[in-house]
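Written below as structure tokens is the structure these notes are about.
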Number of protein chains: 2
Amino acid sequence: MTRALQILKDAGLRKTPCRLQMLDLLLQEGRAISHSEFELHLEAIDRVTIYRTLHTFERKGLLHKVIDGQNQSKFALCSHSCDEKEHRDEHIHFHCENCDKTRCLDELGIPEIVLPVGYSAHRANYMIEGICAECVGAGT
Amino acid sequence: MTRALQILKDAGLRKTPCRLQMLDLLLQEGRAISHSEFELHLEAIDRVTIYRTLHTFERKGLLHKVIDGQNQSKFALCSHSCDEKEHRDEHIHFHCENCDKTRCLDELGIPEIVLPVGYSAHRANYMIEGICAECVGAGT
DNA sequence: TTCTGAATTGCAAAACTATTGCATTTGCAA
DNA sequence: TTGCAAATGCAATAGTTTTGCAATTCAGAA
């Protein structure tokens, strides 16, 4: 059984071509992917279905939305224990200004901050923009 | 001379009603403001002019774009030495889930991170979501 | 103060991005 | 194999941002 199929089963979701292709792309690329990029890779699939699948995956805790600086939502596979009830995404994201790819730096936790009195935190988001390892030294 | 007028002069920009009103709102609120919120407050001004003014201000180093947790762009006055050439915005942003307002926590610097080998950072963005001091204890 | 050119604005239209409704198709368990 | 809820495709709608262009406005020079 493929990895994608296993993910769908674990989430209690039906196996459909759209879902399998989207998971395959995410697994293959290992980074956050935008709706428009899915659209390019899944030619036979309707735009709307991709939107709906993204929402379904997010709701089931399979994906988390990544905010990059460009007003574009991207989605990355949750690496560990996310599910319908509890959604944790406490790592740093990196957006490359050269190739525009966004990656989760799963190994880097977000440093805690002491907030001013009166503020209480639920969630934190740490985004770094720069040049990624693939682009460094590769010219522009 | 009003504060807003001084800002425009320093930036070498012409005085126009739209610009003055936008700066006044930013100065008065002391937080990041979205395009749609500007639109509500500046009734006689065209949407497109607001978009263009935001771009102009950003380019001149008067504003920095803040991405809140909903992937909505908001704009906040740069507090110190930003200009056309150098743009620094190295502080934490806080987005209140209750009132939806976004503030710059100017006094809180962004903790530095040691990136994996090969990555180089230009800019960092640290966003905290939670409940702000005004909303805590005020019920929902 | 008046004039003039460049900057700025408003309006219309286009380009994107995202959502909704509904009829049809599909996956899966009984 | 069949039935039905889930998922999809298509059309339409809603929302956001950008672009082109003509008209207006600002600020410095005369």
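Just so it is clear, the structure is predicted and the values come from calculations on it, not from any experiment. All chains are named by letter (A, B, ...) in the order of the sequence lines, taking the proteins before the strands, and each is independently numbered beginning at 1.
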### Query
Looking only at heavy atoms, what is the nearest atom pair of A:Val136 and B:Gly118, with distance?
CG2-O, 3.0 Å
### Query
Which ILVMFWY residues can you reach from A:Val117 by hopping between side chains whose heavy atoms are under 4.5 Å apart?
none
### Task
Mind checking ring-ring contact (aromatic ring centres under 6.0 Å, His included) for A:Phe38 and listing every partner two or more places apart, or none if nothing turns up?
none
### Query
Can we say A:Arg31 and A:Glu134 salt-bridge, meaning some charged N sits less than 4.0 Å from an Asp/Glu carboxylate O?
no
### Task
Provide, to the nearest angstrom, the distance between the NZ atom belonging to B:Lys15 and the P atom belonging to C:dT9.
13 Å
### Minimum heavy-atom distance B:Leu13-B:Arg19, with the two atoms named
CB-NH1, 3.8 Å
#### Entry: Residue list, ring-ring contact (aromatic ring centres under 6.0 Å, His included) with A:Phe75, at least two apart or on another chain
none
### Query
Between B:Tyr126 and A:Tyr126, what is the ring plane arrangement, given parallel below 30°, perpendicular above 60°, and tilted in between?
tilted
## Note on the structure
To the nearest angstrom, the CD1-C1' distance between A:Ile50 and C:dT20 comes to 17 Å
### Rounded interatomic separation in angstrom, taking CG from A:Leu8 and P from C:dG27
12 Å
#### Entry: Atom pair distance, as rounded to whole Å: CZ in A:Arg59 and C1' in C:dT19
15 Å
### Message
Using five pairs at each end of the helix from C:dT1-D:dA30 to C:dA30-D:dT1 to define an axis, what is the angle between those two axes, to 10°?
### Response
30°
### Task
Quick one, give me the B/S/- string for nucleotides 4-16 of chain D, reading 5' to 3', where B means a protein heavy atom under 4.0 Å from the base and S means that only happens at the primed atoms, P, OP1 or OP2.
-BBSBBBB----S
## Note on the structure
note: A:Lys9, atom NZ; C:dG27, atom P; distance rounded to Å ~ 15 Å
### A:Leu40 CG - C:dC16 P separation (whole Å)
12 Å
### Query
Looking at A:Glu97, A:Glu129, A:His95, which one forms a side-chain hydrogen bond (donor to acceptor under 3.5 Å, both in side chains) with B:His122?
A:Glu97
### Query
Between B:Leu54 (CG) and C:dT8 (C1'), how many Å, whole number?
15 Å
### Message
When you measure from the side-chain N and O atoms of A:His55 to the phosphate of C:dA18, is any distance below 4.0 Å, counting only OP1 and OP2?
### Response
no
### Query
Just how far, in rounded Å, is C1' of C:dA18 from NZ of A:Lys65?
10 Å
## Note on the structure
For residues 109-121 of chain B, the side-chain hydrogen bond (donor to acceptor under 3.5 Å, both in side chains) pairs (sequence neighbours left out) are none
